[in-house]
*Asks:* 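So that we are looking at the same thing, I have put the structure below in structure tokens.
All of these numbers come straight from a predicted model, not from anything done at the bench.
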Amino acid sequence: MRTDLREVARTVANDPTSYKLCAVCGAIVDREAVSCPDCYAYRFDTDSSHVEDAALDLAVKPRRAVSHFDLMPESCEESE
């Protein structure tokens, strides 16, 4: 089952210092990530106000990209 983007956005907006933005594709990733799981880039924007803005945008805008989660087989999603 796909995750509700509004719920994800709420989680990120409540704690933006735990996340960062991929400077290439704009994905919101965990602060500890070394590379972006969506595009494999390694340049990030760590400004928490930018992360929070991206989370708020995520909550209201339609998806523009395919996430690595979208490419996972349904059987893998159920085990998470």
*Asks:* How far apart are the closest heavy atoms of Val51 and Pro16, and which atoms are they?
*Replies:* CG1-O, 3.7 Å
*Asks:* Nearest 0.5 Å, what's the CD1-SG distance between Ile28 and Cys22?
*Replies:* 11.5 Å
*Asks:* CG of Leu58 to CG of Asp53: how many Å apart, nearest 0.5 Å?
*Replies:* 12.5 Å
*Asks:* Using atom types as modelled and distance alone, determine if a side-chain donor or acceptor of Lys20 lies under 3.5 Å from a backbone N or O of Glu32.
*Replies:* no
*Asks:* Testing the basics here: between Ala13 and Leu56, what is the closest heavy-atom pair and its distance to 0.1 Å?
*Replies:* CB-CD2, 4.3 Å
*Asks:* Are Val12 and Asn14 close enough, and set up right, to give a side-chain contact (heavy atoms from CB on, under 4.5 Å), and what steps lead you there?
*Replies:* CA-CA 5 Å; Val12 173; Asn14 286 336; over 6 Å; no
*Asks:* Crowded around Arg31 CZ? As in, over 12 foreign heavy atoms under 6.0 Å?
*Replies:* yes
*Asks:* Run Val29 and Phe44 through side-chain contact (heavy atoms from CB on, under 4.5 Å) and show every step you take.
*Replies:* CA-CA 9 Å; Val29 300; Phe44 297 98; 3.5 Å; yes
*Asks:* With rounding to the nearest 0.5 Å, note down the distance linking NE2 in His50 to CG in Leu21.
*Replies:* 8.5 Å
*Asks:* Considering all heavy atoms of both residues, which atom of Tyr19 and which atom of Thr11 are nearest to each other, and what is their separation?
*Replies:* OH-CG2, 3.7 Å
